[in-house]
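Reviewing the structure listed below.
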Amino acid sequence: MALSEQEIIRRQSLEELRKLGIDPYPADKFEVNVTAKEIQENYPKDNSLYQDISIAGRIMQRRIMGAASFTEIQDSTGRIQLYFKRDEICPEDDKTLYNVVFKRLLDIGDIIGVKGYVFITKMGEVTIHVKEFKILSKSLRVLPIVKEKDDKVFDAFSDPELRYRQRYLDLIVNPEVRDAFVKRTVMINTMRSFLNERGYLEVETPILQPLYGGAAARPFKTHHNTLDMTLYLRIANELYLKRLIVGGFDGVYEFSKDFRNEGMDRFHNPEFTQVELYVAYKDYEWMMDLVEEMIEKVALDMHGTTKVRVGDNLIDFKRPWKRYTMYEAIEEFTGHDISQMNEEQLVDVATKVGVKVDESMGKGKLIDEIFGETVESKLIQPTFITDYPVEMSPLAKKHRTKEGLVERFEAIVNGKEICNAFSELNDPIDQRQRFEAQLELGKRGDEESMVLDEDFLRALEYGMPPTAGLGIGIDRLAMIMTNSPSIQDVLFFPQMRPEKKQVEASDEDFMKLGIPKEWIPVIRQKGFNTVDELKQANPNKLFNDLNGMRKKLKLDIPALKIEEVKKWIE
RNA sequence: GAUUCCGUAGCUCAGCCGGUAGAGCAACGGCCUUUUAAGCCGUGGGUCCUGGGUUCGAAUCCCAGCGGGAUCACCA
């Protein structure tokens with residue numbers, strides 16, 4: 001890859017440092033005894049603090065004025081200004097360390113360690129007066145420079161493609177990105193300790209599964225060589241966790257990466273995270289209480305309040321949340337009471353509210369579609385929707401009193417589902433029939449219908465206690481809790497198409513054609529990266545272009561002759 | 001997968017009624033010993049995403065491709 005002018009200069013600086021006996025990548029540790037944040041917070045309150053400090057970070061800004069300079073470094077906690085004074089850095093006659101190393105060979109992006117003391121400048125900024133500094137890592141690429149004044153950001157590093165492909169850069173340059181990810185971890189930690197406090201066991205179950213189950217989705221398929229068999233990446237871990245309940249655990253949970261081979265958009269990434277929880281001897285009513293309590297606690301731990309701003313909405317997670325049955329919700333938002341309707345009447349309502357109806361849709365699917373079309377996006381404040389049609393919920397227990405429904409709920413926040421839970425179906429004979437009904441749906445053309453898992457049925461036949469189960473979409477919840485409009489903002493490395501890798505000929509390949517070494521950079525500069533590309537060039541044009549570049553770059557090498565050029569590409 | 005918008009210097013962007021490119025920041029050379037997206041003077045830096053086409057001439061117009069965003073479909 002051809003280097004840009006600035007990259008070449010940085011590599012030259014690197015060499016110069018080495019010539020001066022400075023290792024740009026030293027091996028020894030650099031002891032840090034304070035962070036930028038600690039200084040910013042505590043020094044203004046007590047000016048006797050931090051008079052002998054050692055701190056390290058990345059240079060983010062430099063203002064050089066003759067014999068004194070200000071530099072900002074950034075560590076993992078934030079930024080702080082450094083004050084460099086020539087005669088302090090270089091007390092003797094030799095001013096190289098300041099004039100050459102600091103002023104010329106150091107760049108924005110380099111990582112340095114400094115020792116000194118803290119003071120406040122005339123402008124009122126907490127600053128470290130540097131007594132000595134050490135280069136800890138030389139940066140060879142130019143950092144995008146984001147500047148800020150009065151809360152206005154200049155030259156923001158905002159190109160989504162660059163930000164997602166080079167998340168490390170995004171994290172260096174955009175502090176709010178870093179915050180969102182820290183908050184995501186706070187969220188997960190809160191949930192984990194909430195569940196641990198209740199005595200539930202965190203477990204791990206297979207990601208590679210011979211049968212995929214527990215949800216309705218298309219899987220990723222892979223192959224195990226030794227066993228010579230197809231394996232699937234899990235789309236959920238439900239069926240394995242329930243096997244553990246059969247095995248005698250009272251409560252198990254798993255934070256799991258699941259994989260679904262479906263479309264990608266701002267709410268979907270092919271791999272995503274869920275937490276699933278199963279608790280024996282409980283039901284879905286009990287689980288609703290748990291969800292409310294846990295999510296309220298998440299909001300409090302993350303924001304110190306139950307109220308969270310998400311886009312234009314202020315969402316309040318304070319308990320208790322609203323609860324509707326699905327039929328009530330549909331009636332409230334559409335005026336249609338569908339609770340007693342048959343398939344034909346449902347098709348009629350669905351069509352009226354704008355659902356595209358097709359052959360493969362059963363009664364349950366129709367109700368689900370009507371709900372999705374008319375209700376879901378209108379539920380902004382946390383709301384539980386309960387009692388779903390049995391056809392849509394092959395793993396949920398039949399409702400204790402309502403025919404055709406199951407004991408299931410979803411929590412909807414900001415118009416999106418964040419969790420799904422039920423009283424788990426533990427009747428093995430009913431479960432077998434439900435799987436068989438799924439197979440029927442599959443035959444009708446539903447690509448996401450579930451497959452029959454014989455071992456799971458065998459486990460149920462041994463007997464599973466009544467159990468409440470829950471799945472929470474961690475990424476969705478993180479989006480809401482961090483006010484992120486896209487799932488890509490809460491995943492460090494969202495899925496992307498791979499970058500195009502350019503094939504390039506080596507210097508040797510070009511030299512084999514008889515091209516003098518000093519001309520190779522010129523050829524690359526002209527955009528010829530492979531021998532083939534070069535051979536396809538018109539020799540006269542190539543000859544002209546190369547000599548033109550020689551002139552433009554004022555190269556001190558003899559001009560090419562047309563015969564030479566022709567010989568290369570014959 | 002469909003529709004639509006976008007792809008110019010390291011970054012953010014202008015130029016797009018066709019005549020081989022500009023600004024700010026960053027870089028380089030000066031001046032400046034507490035500055036504040038520092039300032040001032042000067043300099044350099046570009047396969048204008050790729051490939052075709054139209055044209056005397058394309059960053060600019062047309063077509064195709066690649067990459068990305070948004071919306072829709074599937075889904076969490």
Side-chain angles (χ1 to χ4, degrees), chain A residues 2-10 12-13 60-72 81-88 98 104 107-109 119-125 127 129 139-165 169 173 215-218 235-236 258-274 356 368 372 410 416-420 446-448 471-477 479 485-488 494 496-500 502 524-529 533 545 552-554:
Chain A
L3 296 176
S4 72
E5 182 195 29
Q6 292 190 51
E7 285 173 308
I8 292 165
I9 289 166
R10 287 190 178 213
Q12 287 166 350
S13 299
M60 297 304 286
Q61 223 191 90
R62 316 218 298 152
R63 295 181 284 277
I64 296 179
M65 301 155 284
S69 309
F70 291 89
T71 292
E72 257 177 44
Q81 179 167 266
L82 308 179
Y83 174 64
F84 286 80
K85 195 174 177 181
R86 189 219 288 139
D87 297 333
E88 193 112 10
Y98 182 83
R104 200 155 60 73
D107 290 295
I108 289 177
F119 74 109
I120 292 185
T121 64
K122 280 182 193 165
M123 297 303 292
E125 179 149 352
T127 300
H129 189 117
S139 167
L140 296 182
R141 284 181 183 259
V142 185
L143 223 49
I145 307 296
V146 180
K147 293 194 174 185
E148 216 177 306
K149 190 184 187 181
D150 304 330
D151 286 331
K152 226 184 132 187
V153 178
F154 297 80
D155 297 338
F157 178 63
S158 54
D159 180 341
E161 179 169 6
L162 289 178
R163 286 184 48 223
Y164 301 146
R165 283 197 198 281
L169 253 191
V173 151
R218 300 205 301 270
I235 58 173
D258 293 342
F259 306 83
R260 297 191 185 171
N261 206 342
E262 280 162 352
M264 293 162 58
D265 58 33
R266 71 193 181 91
F267 291 104
H268 300 87
N269 194 66
E271 59 180 284
F272 66 104
T273 305
Q274 285 200 90
K356 274 175 247 139
D368 194 59
E410 292 189 353
K416 280 275 165 191
E417 172 196 341
I418 59 159
C419 81
N420 183 17
D446 187 346
E447 279 186 81
E448 287 157 353
I472 298 181
I474 293 294
D475 312 295
R476 291 281 176 83
L477 188 59
M479 285 169 67
S486 167
I487 198 169
Q488 298 176 113
M496 294 231 146
R497 282 203 171 77
E499 284 180 271
K500 239 194 319 194
Q502 213 162 20
R524 290 190 196 280
Q525 183 91 35
K526 268 290 69 83
F528 296 103
N529 289 313
E533 281 171 18
D545 283 353
K552 194 175 171 192
L553 296 173
K554 300 186 186 99

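So that the names make sense, note that chain A is the first sequence line, chain B the second, and so on, each numbered from 1.
A:Glu7 comes within 4.0 angstrom of no nucleic acid atom, judged by non-hydrogen atoms across all strands. Nucleic acid contact class of A:Gly473 (heavy atoms, under 4.0 Å, all strands): none. Nucleic acid contact for A:Gln61: sugar-phosphate only, since backbone atoms but no base atoms lie under 4.0 Å from a heavy atom of the residue. Nucleic acid contact for A:Arg165: sugar-phosphate only, since backbone atoms but no base atoms lie under 4.0 Å from a heavy atom of the residue. Across all strands shown, A:Arg497 has heavy atoms under 4.0 Å from sugar-phosphate atoms exclusively, and none from any base. As judged by a 4.0 angstrom heavy-atom cut-off over every strand, A:Arg266 is placed among residues touching the sugar-phosphate backbone only. Within the 4.0 angstrom heavy-atom criterion, no nucleotide atom of any strand lies near A:Arg10. The residue A:Gln12 sits apart from the nucleic acid: no heavy atom pair falls under 4.0 Å.
The separation of B:G69 from B:G22, taken at their C1' atoms, amounts to 26 Å, rounded to a whole angstrom. Across B:G52 and B:C13, the matching P atoms stand 30 Å from one another, rounded to whole Å. For B:C6 and B:U60, the P atoms lie 14 Å apart once the distance is rounded to whole Å. Taking atom C1' in both B:U8 and B:U3, one finds a spacing of 26 Å when rounded to whole Å. Nucleotides B:G44 and B:G24 are separated by 14 Å at their P atoms, to the nearest Å. B:A58 and B:G53 are spaced 11 Å apart, taking the P atom of each and rounding to whole Å. A distance of about 42 Å separates the C1' atoms of B:U35 and B:G67, rounded to the whole Å. Taking the P atom of each, B:G45 and B:G29 are spaced 16 Å apart, rounded to whole Å.
Among A:Lys85, A:Glu88, A:Arg86, the one residue that satisfies the side-chain contact (heavy atoms from CB on, under 4.5 Å) test with A:Tyr98 is A:Arg86.
Following rounding to the nearest Å, A:Asp265 (CG) and B:A73 (C1') show an atom-to-atom distance of 10 Å. If you take CE of A:Met65 and P of B:C40, they are 15 Å apart, rounded to a whole angstrom. Here the C1' atom of nucleotide B:C72 and the CE atom of A:Met264 are 16 Å apart, to the nearest Å. Residue A:Lys149 contributes atom NZ, which lies 12 Å from atom C1' of B:U35 at whole-angstrom precision. Put simply, CD on A:Glu161 is 14 Å from P on B:C66, counting in whole angstrom units. Between the P atom of B:C31 and the CD1 atom of A:Ile64 lies a distance of 13 Å, rounded to the nearest Å. Counting to the nearest Å, the P atom of B:U36 and the CZ atom of A:Arg62 are 18 Å from each other. The distance from atom CD1 of A:Ile487 to atom C1' of B:G69 is 16 Å, rounded to the nearest whole Å.
Nucleotides of RNA chain B nearest to A:Lys85 and A:Glu271 differ in position, and the one nearer the 5' end is that of A:Lys85. Between A:Arg63 and A:Ser13, the residue whose closest nucleotide on RNA chain B is further toward the 5' end is A:Ser13.
Nearest heavy atoms, A:Leu82 versus A:Thr127: C-CG2, 3.9 Å. The two residues A:Ile235 and A:Phe259 have their closest heavy-atom pair at CG2-O, 3.2 Å. Minimum heavy-atom separation, A:Arg260 to A:Ala217: CD-CB, 3.4 Å.
Searching all strands for a Watson-Crick or G-U wobble partner of B:C48 with both distances below 3.5 Å returns nothing. Partner assigned to B:A27 is B:U43, using Watson-Crick or G-U wobble distances below 3.5 angstrom. Pair check for B:C32 finds none; no Watson-Crick or G-U wobble contact set falls under 3.5 Å. The partner of B:G1, taking Watson-Crick or G-U wobble pairs whose two distances both stay under 3.5 Å, is B:C72. Within the shown strands, nothing qualifies as a pairing partner of B:A9 under the Watson-Crick or G-U definition with both distances less than 3.5 Å.
Take A:Met264 and apply the side-chain contact (heavy atoms from CB on, under 4.5 Å) test, not counting sequence neighbours, and it matches A:Pro270, A:Gln495. In this structure, A:Thr121 has no side-chain hydrogen bond (donor to acceptor under 3.5 Å, both in side chains) partners at least two apart in sequence or on a different chain.
A cation-pi arrangement is present between A:Lys416 and A:Phe267, with the terminal nitrogen or guanidinium carbon under 6.0 Å from the aromatic centre and inside a 45° cone about the axis.
Judged by distance alone, the side chains of A:Gln61 and A:Arg63 do bring a donor and an acceptor atom under 3.5 Å apart.
Within the 4.5 Å cutoff, the side chain of A:Gln274 has no heavy atoms near those of the A:Ile474 side chain.
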Where protein sits on nucleotides 10-16 of chain B, one letter per nucleotide: B base, S sugar-phosphate only, - none, heavy atoms under 4.0 Å
BSB----
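The aromatic rings of A:Phe70 and A:Tyr83 sit tilted, their planes meeting at an angle between 30° and 60°.
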